[in-house]
Amino acid sequence: MATTSLKLVTIVAEPVLESQLVKDLRHLGATGWTIVEGRGEGSRGMRASDLPGANVRVETIVTDDVADRIISHVADRYFPHYAVIAYVTDVAVVRGDKYARRVC
Amino acid sequence: MATTSLKLVTIVAEPVLESQLVKDLRHLGATGWTIVEGRGEGSRGMRASDLPGANVRVETIVTDDVADRIISHVADRYFPHYAVIAYVTDVAVVRGDKYARRVC
Amino acid sequence: MATTSLKLVTIVAEPVLESQLVKDLRHLGATGWTIVEGRGEGSRGMRASDLPGANVRVETIVTDDVADRIISHVADRYFPHYAVIAYVTDVAVVRGDKYARRVC
Amino acid sequence: MTGTSTADLLAANLLSPFVLAFTLGVVAKRLGSNLSLPKDVYEGLATYLLFAIGLKGGARIAQAPLDQLLAPTGAALALGLITPVVAFAVLRLAGRLSRVDAGAIAAHYGSVSAVTFIAAQGLVQQRGDVAEPFLPALLAIMEVPGLVVGLALGLAGAGRGDRPLRQVFHEIVLGRTLVLLLGGLAIGAAVGAERLAPVQPFFEGLFPGALTLFLLELGVVAGARLGDLRRVGPFLLGFGIVVPMVHGVLGVVLGSWAGLSVGGATVLGAMAASASYIAAPPAVRLALPDANPTYYLTAALAITFPFNLIAGIPLYYWTALWVAERMT
Amino acid sequence: MTGTSTADLLAANLLSPFVLAFTLGVVAKRLGSNLSLPKDVYEGLATYLLFAIGLKGGARIAQAPLDQLLAPTGAALALGLITPVVAFAVLRLAGRLSRVDAGAIAAHYGSVSAVTFIAAQGLVQQRGDVAEPFLPALLAIMEVPGLVVGLALGLAGAGRGDRPLRQVFHEIVLGRTLVLLLGGLAIGAAVGAERLAPVQPFFEGLFPGALTLFLLELGVVAGARLGDLRRVGPFLLGFGIVVPMVHGVLGVVLGSWAGLSVGGATVLGAMAASASYIAAPPAVRLALPDANPTYYLTAALAITFPFNLIAGIPLYYWTALWVAERMT
Amino acid sequence: MTGTSTADLLAANLLSPFVLAFTLGVVAKRLGSNLSLPKDVYEGLATYLLFAIGLKGGARIAQAPLDQLLAPTGAALALGLITPVVAFAVLRLAGRLSRVDAGAIAAHYGSVSAVTFIAAQGLVQQRGDVAEPFLPALLAIMEVPGLVVGLALGLAGAGRGDRPLRQVFHEIVLGRTLVLLLGGLAIGAAVGAERLAPVQPFFEGLFPGALTLFLLELGVVAGARLGDLRRVGPFLLGFGIVVPMVHGVLGVVLGSWAGLSVGGATVLGAMAASASYIAAPPAVRLALPDANPTYYLTAALAITFPFNLIAGIPLYYWTALWVAERMT
Ligand SMILES: Nc1ncnc2c1ncn2[C@@H]1O[C@H](COP(=O)(O)O)[C@@H](O)[C@H]1O
Ligand SMILES: Nc1ncnc2c1ncn2[C@@H]1O[C@H](COP(=O)(O)O)[C@@H](O)[C@H]1O
Ligand SMILES: Nc1ncnc2c1ncn2[C@@H]1O[C@H](COP(=O)(O)O)[C@@H](O)[C@H]1O
Ligand code: NA
Ligand code: NA
Ligand code: NA
């Protein structure tokens with residue numbers, strides 16, 4: 001089956017950031033995202049939640065340049081202040097055009 | 001440690017499809033799957049759920065040809081009618097024989 | 001944006017193992033992890049839970065050698081007795097130094 | 001019944017904690033509040049309400065002579081067969097909707113909203129009336145054909161075989177709603193009112209309050225759909241009010257004619273008038289995936305449910321009183 | 001007690017909302033229904049039930065002279081030590097199971113099912129009797145050795161050291177079940193019945209109804225295990241019925257001999273007869289991972305629990321009456 | 001009031017199910033128990049408690065002459081403006097904390113802990129007193145400026161503009177706490193005590209028990225923070241006890257002076273003394289991300305909340321009695 005190579009950007013963040021992050025993703029060119037709730041620990045300890053360690057795991061499949069824009073934005077805007085990580089994986093999708101807002 | 005290269009197929013779908021999808025996976029040769037519940041948005045907006053946007057995220061580690069069969073099937077059977085995405089990642093697993101129903 | 005190549009190790013395991021697994025991860029050199037709850041089926045059927053099939057999905061981003069240590073450990077210590085799988089994916093992260101306990 | 005005008009009834013109904021809690025949920029959502037009951041609590045409340053309604057009916061069912069059951073059963077069955085056809089015809093002929101969209105909506109209006117049923121029981125009780133104890137069984141009898149006929153109309157000619165229909169049939173009959181209602185009914189009847197007494201502080205005493213909390217959350221869910229009102233257009237808005245009134249009055253008349261009390265006829269009318277938004281949507285999604293969910297969810301949840309809760313149920317009650325007067 | 005035959009007791013017990021709700025859950029599951037309480041609600045109900053039982057005992061504990069505590073404590077401890085050994089011997093000698101499997105099952109039958117305990121309290125109360133208020137403390141005293149002895153038998157010779165045993169000991173003593181029962185007991189005793197009054201509509205009034213809902217879900221869980229009955233074979237089926245009867249009668253006799261009332265001896269018997277399926281499984285899974293979970297889960301949840309709920313508890317009650325008559 | 005010494009009050013308060021359930025949660029957590037209410041149940045209980053408090057006030061509000069509202073409203077507003085400034089000054093001058101940390105903590109002590117408010121209502125009721133029905137509205141009036149002023153102090157000079165402040169303002173006003181309290185108040189007032197009667201077994205009868213269960217879990221959460229006490233140091237420990245006393249006494253005095261009853265002044269004092277740990281933390285996290293959450297969470301939840309629950313509320317009550325005596 002013919003597939004397209006795209007980037008899967010995963011962001012794990014404090015729950016208070018969810019709505020802002022989703023707005024940012026849409027604005028930076030993502031056409032969709034999937035969120036699951038989880039918990040975790042990292043290099044920064046405590047977070048502002050009754051449920052210590054609760055976080056949201058946001059995934060978005062995007063084109064290479066959108067992926068780059070997203071991780072730059074997350075690194076600039078959130079890393080210095082919030083408990084957030086972001087990483088990128090290569091994925092193969094069917095019907096790749098679904099994931100690009102414009103021609104790329 | 002010796003590892004085997006396999007495919008991780010991830011399907012994000014409306015909750016009503018879960019039981020059918022799992023049946024399909026088993027039928028197409030997957031030996032296991034992991035499901036987490038999440039929410040999301042994509043190019044198709046509204047779905048049939050009191051909880052708008054709720055979906056299930058199904059992962060299955062399979063051999064290359066099974067991966068191909070799964071994404072073809074999902075693309076044919078579900079993409080035209082339902083809110084579903086599917087993508088494939090390369091993974092390295094220990095004890096790779098666990099993930100193949102027969103020799104491949 | 002400059003990124004570092006690291007390994008994402010994912011472990012899907014029975015819930016009773018969670019606290020022990022997290023201890024092991026820390027001990028083997030992981031600097032963080034993210035856990036989500038899910039359910040699944042695999043080659044071993046039944047597990048000890050009122051909720052048959054419930055499991056935890058633990059993700060940790062680590063350096064190559066830590067990844068190797070983790071999957072060796074999981075393969076030795078848990079595979080023979082428990083319902084557990086583990087797999088490794090390549091990921092690109094921003095600020096890679098965050099994921100290494102010491103220089104590597 | 002002197003003095004019980006529709007206006008009085010409406011006013012009394014509007015100031016009930018049920019209607020106001022629903023309204024609070026809608027308003028909070030529309031203003032952008034994050035107010036929401038956790039999913040598990042909402043599901044737990046739904047389970048509780050359905051089971052409690054069943055138990056309550058069961059405990060009183062011994063008092064209902066069995067020969068009184070036949071005619072109401074026929075009425076419920078007839079309503080389950082007629083209401084989706086009426087809805088489908090209106091949607092196709094007046095609304096010019098596609099076959100799948102019309103079938104999907106018809107399936108919702110053929111099946112029964114358990115919460116509307118419960119709210120109708122509440123109003124009837126508040127007026128000092130009682131509905132026959134076997135009404136939860138009638139819900140089941142109306143629900144199954146109502147949903148299946150709607151789906152069949154939507155599927156006709158689609159060439160997808162009857163596989164979805166059979167699967168859907170299975171899912172409705174064994175779905176949570178019917179299992180809890182009928183299971184509760186059977187347990188209540190087997191145990192009897194006296195031995196049920198120790199569990200009644202839970203199942204009876206808490207019922208109105210738990211319903212209030214449930215409606216608060218249902219208001220939030222409906223509020224989220226209100227934004228789609230513009231997208232569905234004026235036809236569906238009218239449909240979601242007029243068709244329930246027709247179905248409701250038909251239900252009241254058939255129920256009264258079948259010998260139901262004023263309370264029972266009111267509740268039967270409310271059942272006919274209601275559109276399911278818990279049981280129907282997943283069944284419709286599976287069987288008619290190409291129907292637009294915005295249409296049926298918005299119509300059922302954001303138009304018809306509030307209409308019935310606020311104005312419909314009092315209207316059916318008033319109709320039942322009116323019919324009862326004419327018949328004696 | 002004239003006229004209280006086992007048959008009467010059984011019939012009365014069968015028609016209780018508790019047994020019927022459990023049955024509804026089993027039947028729904030077996031028919032393929034998706035009926036199920038959400039996980040969080042199920043866990044919340046379990047917390048509520050355990051804490052309520054503790055509070056209730058605590059509020060009445062002042063009325064229990066402390067010197068009456070010694071003999072029952074000894075009886076509970078003895079039962080905690082004997083029952084896993086009996087179970088293990090039967091499994092090894094008559095059933096020819098492997099050491100780990102026998103140990104895993106013995107740990108379940110040594111420990112106590114809190115829900116069986118609660119159901120026994122319910123039946124006793126229904127018969128107009130009362131159990132001594134300190135029984136929740138006896139549950140703790142029986143649970144810990146019961147589970148640990150079973151695990152030790154399974155581990156012996158496995159060469160895995162005593163690390164798992166110590167960890168498991170820690171987990172049982174600090175597990176939710178004991179903390180809620182003992183914590184509730186302590187709070188109830190400290191606060192006293194009078195100052196507890198405002199919280200009693202919640203903790204006492206709702207108790208039977210909440211237990212009914214909990215048993216509905218437990219029925220669903222047990223129903224899911226019923227399919228494994230064939231896999232575990234006739235030996236375990238017999239084991240799951242006969243051994244509880246032996247343990248139960250032993251518990252009643254020891255309890256009566258230790259001075260417990262008819263109600264108290266019944267509950268002690270039910271505790272000894274019961275097999276844990278909430279606290280034991282994770283402990284066993286950790287310490288004896290190579291034991292087959294199908295065996296112990298099916299035996300405890302799909303065989304012994306329903307047996308005790310339906311027939312065992314009435315039997316222990318009848319035995320306690322019989323013993324009490326002989327002793328006076 | 002003869003004989004109602006602070007010591008008596010303290011002792012009575014200590015032996016309440018509320019305080020002891022909280023203590024059980026703390027102790028269980030510190031010992032390493034896994035005891036914990038499921039998240040959805042905890043959230044569901046919070047929703048229930050807030051809505052119930054609102055309804056209860058609303059049902060009695062008709063009895064409160066409106067002209068009695070003005071002065072207490074002014075008092076609440078003043079407290080909302082003064083308390084964060086006092087806290088901020090102490091933190092900066094005596095504690096030498098950074099501006100953002102001081103602002104973050106001040107925002108917590110400016111806003112109101114709904115559970116402390118509820119617990120104060122409970123104690124007042126237990127003493128046979130009643131607080132004015134409109135107090136939930138005063139909570140809203142104090143909460144908004146209290147939180148906003150604290151944040152503004154922390155942000156001043158940070159050059160981040162007022163975007164966060166506006167967003168936070170929106171989130172507080174439409175947050176669950178205020179919507180449920182004010183919504184409940186409005187519904188209670190509209191429906192009136194009589195028509196509210198059917199829902200009262202749920203919203204009033206269960207209230208104390210539900211609060212007990214909620215406090216058990218809150219104890220678990222606070223217990224998890226206790227380990228951080230060492231990290232925050234003696235200054236914050238003292239701050240978390242002394243500043244609430246100052247705010248509490250100020251609240252009582254202002255409230256009495258504004259014409260509130262002894263019960264009402266106690267509750268107003270408890271509100272002023274309390275530090276929010278549900279509504280404030282996310283707002284502060286968003287607006288002042290560089291403040292250390294360990295400081296504000298530990299101070300609010302592990303120091304000030306237990307202090308108020310155990311000693312503060314009885315103290316404010318005693319102060320209110322004392323002031324009332326001097327004033328007449
Ligand atoms: N090495 C890691 N692997 C996986 N998840 C991580 C890792 N480090 C941090 N996280 C996740 O990111 C969240 C924030 O991390 P941090 O900013 O390091 O405190 C944590 O709560 C974890 O869920
Ligand atoms: N680009 C994307 N990245 C990640 N998840 C997506 C993306 N697009 C869609 N999804 C997920 O797939 C579901 C269905 O998408 P759609 O069919 O586009 O409405 C959504 O609810 C999301 O959970
Ligand atoms: N092929 C697979 N793909 C994805 N997840 C799997 C697979 N096999 C097993 N799992 C997960 O790992 C858990 C344990 O598997 P097993 O040890 O094979 O019983 C299952 O419950 C699944 O959640
Ligand atoms: Na209908
Ligand atoms: Na036992
Ligand atoms: Na305050």
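The figures here come from the full heavy-atom set of this structure, side chains too, leaving out hydrogens, waters and symmetry mates. Order of the sequence lines fixes the chain letters, A, B, ..., with proteins taken first and strands second; residue numbering starts at 1 for each chain.
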- Query: Is the closest side-chain heavy-atom distance between E/Leu180 and F/Leu216 below 4.5 Å?
  - Reply: yes
- Item | chain F contact via E/Leu178 - side chain, backbone, both or neither, heavy atoms under 4.5 Å | neither
- Can you find a pair of side-chain heavy atoms, one from E/Phe202 and one from F/Leu211, that are under 4.5 Å apart? no
- Task: Give, for atom CG of E/Leu55 and atom OG1 of F/Thr212, the distance between the pair rounded to the nearest 0.5 Å.
- Result: 8.0 Å
- Partner of F/Leu31 under side-chain contact (heavy atoms from CB on, under 4.5 Å), chosen from E/Val173, E/Leu174, E/Val179: E/Leu174
- Item | Side chain to side chain, F/Pro17 and E/Leu196, heavy atoms closer than 4.5 Å | yes
- Note on the structure: Ranking E/Gly184, E/Pro198, E/Gly205, E/Gly192 by heavy-atom pairs under 4.5 Å to chain F gives rank one to E/Pro198
- Once you round to the nearest 0.5 Å, how far does CG of F/Leu20 lie from CZ of E/Arg195? 9.0 Å
- Can you tell me how far CG of F/Leu206 sits from CZ of E/Phe203, rounded to the nearest 0.5 angstrom? 10.5 Å
- Task: Heavy atoms only: give me the nearest E/Gly44-F/Pro38 pair and the separation to one decimal.
- Result: N-CG, 3.8 Å
- Note on the structure: Ranking F/Thr23, F/Leu15, F/Leu35 by heavy-atom pairs under 4.5 Å to chain E gives rank one to F/Leu15
- Message: Please report the interatomic distance CG(F/Leu37) to OH(E/Tyr48), rounded to the nearest 0.5 Å.
- Response: 13.0 Å
- Any idea which heavy atoms bring F/Val41 and E/Asp40 closest together, and the distance? CG2-O, 3.2 Å
- Any side-chain heavy atom of E/Arg176 within less than 4.5 Å of one from F/Asn34? yes
